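The structure appears right after this line, and notes come after that.
Values in this document were obtained by computation on a predicted structure and should not be read as measured data. In what follows, chains are A, B, ... by sequence order, proteins preceding strands, each numbered from 1. When reading the values below, keep in mind they use all heavy atoms of this one structure, side chains included, and skip hydrogens, waters and symmetry mates.
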Protein chains: 2
Amino acid sequence: MGKQQGNISTAVIRRLPKYHRYLKDLLDREVYRISSKELSVLTGFTASQIRQDLNNFGGFGQQGYGYNVEELYKEIRSIMGLTKTYNTVIVGYGNLGQAIANYTSFEKSGFSLKGLFDTNPEIIGNKVKDIYIHALDEMENFLKNNQIDIAIISTPKAYAQDIATRISKAGVPGIWNFAPVDLKVPEGVIVENVHLSDSLFILSYLISNQEDVE
Amino acid sequence: MGKQQGNISTAVIRRLPKYHRYLKDLLDREVYRISSKELSVLTGFTASQIRQDLNNFGGFGQQGYGYNVEELYKEIRSIMGLTKTYNTVIVGYGNLGQAIANYTSFEKSGFSLKGLFDTNPEIIGNKVKDIYIHALDEMENFLKNNQIDIAIISTPKAYAQDIATRISKAGVPGIWNFAPVDLKVPEGVIVENVHLSDSLFILSYLISNQEDVE
DNA sequence: ATAAGTTTGGTAAAATTTTAACAATTTACA
DNA sequence: TGTAAATTGTTAAAATTTTACCAAACTTAT
């Protein structure tokens with residue numbers, strides 16, 4: 001069960017996927033027991049931080065022993081909401097939309113692609129892996145009739161805000177946004193951004209100011 | 001010039017691209033003057049934080065006036081290393097590699113794609129926008145002969161570490177990594193990650209624990 | 001069974017990051 | 001020209017995040 005108070009800091013939340021990733025690796029390597037000290041070597045976080053992080057959700061470890069990898073993995077998956085299935089759509093079927101649609105690992109993690117939307121008449125009506133490409137006009141109806149949990153926005157910048165507003169109105173709780181804008185959405189709608197150029201620019205900053213580090 | 005001490009915190013660095021983005025918008029809208037208070041409304045950062053952030057690099061503002069948008073934009077671009085050109089290659093020309101290669105906005109920002117690499121014999125030798133797809137074997141030679149600054153890794157997980165090691169040995173200073181692993185590289189090589197599934201999992205966490213927020 | 005070695009969870013301290021406050025300076029306008 | 005309003009850069013305070021520490025509890029080996 002765990003405590004799961006609603007005041008987990010974003011710093012902790014951002015580290016959860018990394019724990020998830022390494023625990024999966026350990027399971028695959030048939031390691032069934034791990035201490036915070038060993039996890040520290042793998043993840044680069046301090047052992048103390050790892051214990052603090054995990055304790056936000058419950059006391060999963062045992063003194064003198066450490067953590068049971070399988071149990072902890074399951075707990076983390078549950079905490080992260082990865083035990084459910086999420087219905088998704090992709091809005092904007094350009095290069096990026098196609099790349100995301102073809103990323104099979106998302107399906108494996110429980111993210112089920114239900115629909116694709118675009119404005120290009122040349123591709124509307126086509127099927128991609130059993131999924132139709134619909135006209136953008138049909139989006140609202142589709143969202144309502146298919147219990148969509150996550151809408152993925154991969155349109156050009158100029159359309160993203162309008163689409164986000166429409167998605168929000170249709171009652172979709174989550175948006176995964178790849179457009180390089182900060183979307184304004186009503187309370188209760190959650191936006192997670194993947195700002196590729198921001199990331200690239202951080203890299204260029206770090207390369208340019210590298211002397212500082214050395 | 002600015003002070004540009006080498007101890008800028010990553011918290012500050014992560015905010016730089018957002019300043020850059022909004023300053024560009026302002027310029028496009030022909031707004032030539034902005035106060036930290038107004039920037040605060042746009043970015044969602046506090047005015048105080050904005051002044052603190054900018055002051056890490058120099059006193060670009062003027063009391064009673066605010067900041068000159070054009071000047072500040074130029075300064076930020078310079079700080080972020082966006083006044084130079086970076087030669088890049090993409091290693092792994094799958095769906096994601098293709099999406100990145102076709103992202104024209106990177107070219108506009110000074111990131112010049114010089115080569116593509118893959119192991120698939122069916123596509124090796126093909127040209128994409130005047131750029132050849134090379135065999136992976138040729139990578140080291142190419143990197144050395146073409147002054148590559150940034151290698152973009154968009155291979156499957158299993159190959160990423162080996163490729164990162166080879167890239168580092170070839171003297172490339174920056175890696176933009178899309179593979180879902182944490183790469184180990186020698187000192188002096190900078191890795192910036194885009195972990196798509198981590199981002200998606202954060203979204204699923206936030207959706208699943210939404211009640212907490214309300 | 002006992003003792004020595006591990007390791008957690010919690011508490012306290014340290015470090016970092018954010019916010020608040022304000023003197024100094026400039027702008028804007030009467 | 002003079003005065004009120006605006007706004008920065010800087011210093012100090014508050015808040016948050018990370019690290020250090022250690023008693024309690026478990027494991028392992030003898």
Side-chain angles (χ1 to χ4, degrees), chain A residues 1-16 18-19 22-23 26 31-73 75-76 79 202 212-213, chain B residues 1-16 18-19 22-23 26 31-73 75-76 79 202 212-213:
Chain A
M1 272 283 195
K3 345 183 181 176
Q4 180 77 0
Q5 316 266 335
N7 30 14
I8 310 295
S9 79
T10 48
V12 175
I13 297 170
R14 274 205 308 271
R15 282 191 291 268
L16 291 178
K18 196 160 173 178
Y19 292 126
Y22 281 98
L23 288 167
L26 288 168
V31 178
Y32 296 116
R33 171 185 169 174
I34 190 115
S35 68
S36 58
K37 198 174 162 192
E38 292 166 308
L39 256 181
S40 165
V41 175
L42 293 175
T43 60
F45 307 144
T46 66
S48 192
Q49 182 165 61
I50 291 167
R51 293 200 299 276
Q52 289 260 17
D53 281 356
L54 297 178
N55 253 92
N56 280 295
F57 304 101
F60 305 130
Q62 200 152 33
Q63 284 147 322
Y65 179 89
Y67 299 88
N68 178 298
V69 174
E70 194 165 10
E71 186 201 320
L72 186 55
Y73 177 67
E75 290 284 1
I76 296 271
I79 290 162
I202 287 169
D212 304 355
V213 180
Chain B
M1 269 292 192
K3 344 183 179 176
Q4 181 77 357
Q5 316 266 334
N7 30 15
I8 308 296
S9 78
T10 48
V12 174
I13 295 169
R14 273 205 309 270
R15 283 192 291 269
L16 291 178
K18 197 160 173 177
Y19 293 126
Y22 280 99
L23 288 167
L26 288 168
V31 178
Y32 296 116
R33 172 185 167 174
I34 190 114
S35 69
S36 58
K37 199 174 162 190
E38 293 166 306
L39 255 181
S40 167
V41 174
L42 293 175
T43 60
F45 307 145
T46 64
S48 191
Q49 184 165 60
I50 291 167
R51 293 201 298 276
Q52 289 259 21
D53 282 357
L54 298 179
N55 253 94
N56 280 296
F57 304 100
F60 305 130
Q62 199 152 33
Q63 282 150 323
Y65 178 89
Y67 299 87
N68 178 297
V69 174
E70 194 165 8
E71 186 201 320
L72 186 55
Y73 178 67
E75 290 284 1
I76 296 271
I79 290 162
I202 288 170
D212 304 354
V213 179

- Partners meeting side chain to side chain donor-acceptor pair (under 3.5 Å) with Gln52(B) (sequence neighbours left out): none
- Note on the structure: The nucleotide from dT26(C), dG9(C), dT7(C) with an atom nearest the side chain of Tyr67(A) is dG9(C)
- Between dG10(C) atom P and Asn56(A) atom CG, what is the distance in whole Å? 11 Å
- Message: Holding to side chain to side chain donor-acceptor pair (under 3.5 Å), I want the full list of residues that pass it with Gln49(A), two or more places apart in sequence or in another chain.
- Response: none
- Quick note, salt bridge (Lys or Arg N to Asp or Glu O under 4.0 Å) partners involving residues 38-50 of chain B, not counting sequence neighbours, are none
- Note on the structure: Among the nucleotides dT25(C), dT8(C), dT19(C), whichever has the atom closest to the side chain of Gln63(B) is dT25(C)
- Message: Could you tell me how far apart Leu39(B) (CG) and dA6(D) (P) are, to the nearest whole angstrom?
- Response: 18 Å
- Message: Would you say Thr46(B) places a side-chain N or O within less than 4.0 Å of OP1 or OP2 belonging to dT19(C)?
- Response: yes
- Query: Is the count of non-hydrogen atoms from other residues, nucleotides or ligands lying under 6.0 Å from Lys37(B) atom NZ greater than 12?
  - Reply: no
- Item | DNA chain D: 5'-proximal contact among Thr10(A) and Gly64(A) (nearest heavy atom) | Thr10(A)
- Query: Below 4.0 angstrom from OP1 or OP2 of dT8(C), is there any side-chain N or O of Ser36(A)?
  - Reply: yes
- Rounded to the nearest Å, what distance is computed from the CD1 atom of residue Ile13(B) to the C1' atom of nucleotide dT18(C)? 17 Å
- Task: Apply side chain to side chain donor-acceptor pair (under 3.5 Å) to Arg15(B) and list each qualifying residue two or more places apart in sequence or on a separate chain.
- Result: Asp53(B)
- Query: Hey, does the side chain of Arg15(A) come within less than 4.0 Å of dT18(D)'s phosphate (OP1/OP2), counting only N and O?
  - Reply: yes
- Task: Check each residue of residues 47-54 of chain B for a non-hydrogen atom within less than 4.0 Å of any atom in DNA chain C, then write out the ones that pass by number, or none.
- Result: Ser48(B), Gln49(B), Arg51(B), Gln52(B)
- Query: To the nearest angstrom, how far is Arg14(B) atom CZ from dT16(C) atom P?
  - Reply: 15 Å
Close N/O contacts between protein and nucleotides 28-30 of chain C (under 3.5 Å):
| unit_1 | atom_1 | unit_2 | atom_2 | d |
| --- | --- | --- | --- | --- |
| dA28(C) | OP1 | Arg33(B) | NH1 | 2.8 |

Side-chain donor-acceptor pairs under 3.5 Å in residues 58-73 of chain A, sequence neighbours left out?
| unit_1 | atom_1 | unit_2 | atom_2 | d |
| --- | --- | --- | --- | --- |
| Asn68(A) | OD1 | Glu70(A) | N | 3.0 |
| Asn68(A) | OD1 | Glu71(A) | N | 2.9 |
| Tyr73(A) | OH | Arg77(A) | NH1 | 3.2 |

- Note on the structure: Between Leu16(B) and Phe57(B) the two heavy atoms that sit nearest each other are CD2-CE1, 3.8 Å
- Note on the structure: To the nearest 0.5 Å, atom CD1 of Ile50(A) lies from atom CD1 of Ile34(A) at 8.5 Å
- Item | Atom pair distance, as rounded to whole Å: CD in Gln62(A) and P in dT8(C) | 10 Å
- Sorted by chain and residue number, the side chain to side chain donor-acceptor pair (under 3.5 Å) partners of Thr43(B) (sequence neighbours excluded) come out as none
- Query: Taking OP1 and OP2 of dT8(C), is either one under 4.0 Å from a side-chain nitrogen or oxygen of Asn55(A)?
  - Reply: no
- Query: What is the distance from CZ of Phe57(A) to C1' of dG9(C), rounded to the nearest Å?
  - Reply: 16 Å
- Task: Please collect all salt bridge (Lys or Arg N to Asp or Glu O under 4.0 Å) contacts where either partner lies in residues 40-52 of chain A, sequence neighbours excluded, each pair once.
- Result: none
- Message: Rounding to an integer number of Å, can you tell me how far Asn7(B) CG sits from dT16(C) C1'?
- Response: 13 Å
- Task: Whole angstrom is fine here: how far is it from NZ in Lys37(B) over to P in dG9(D)?
- Result: 17 Å
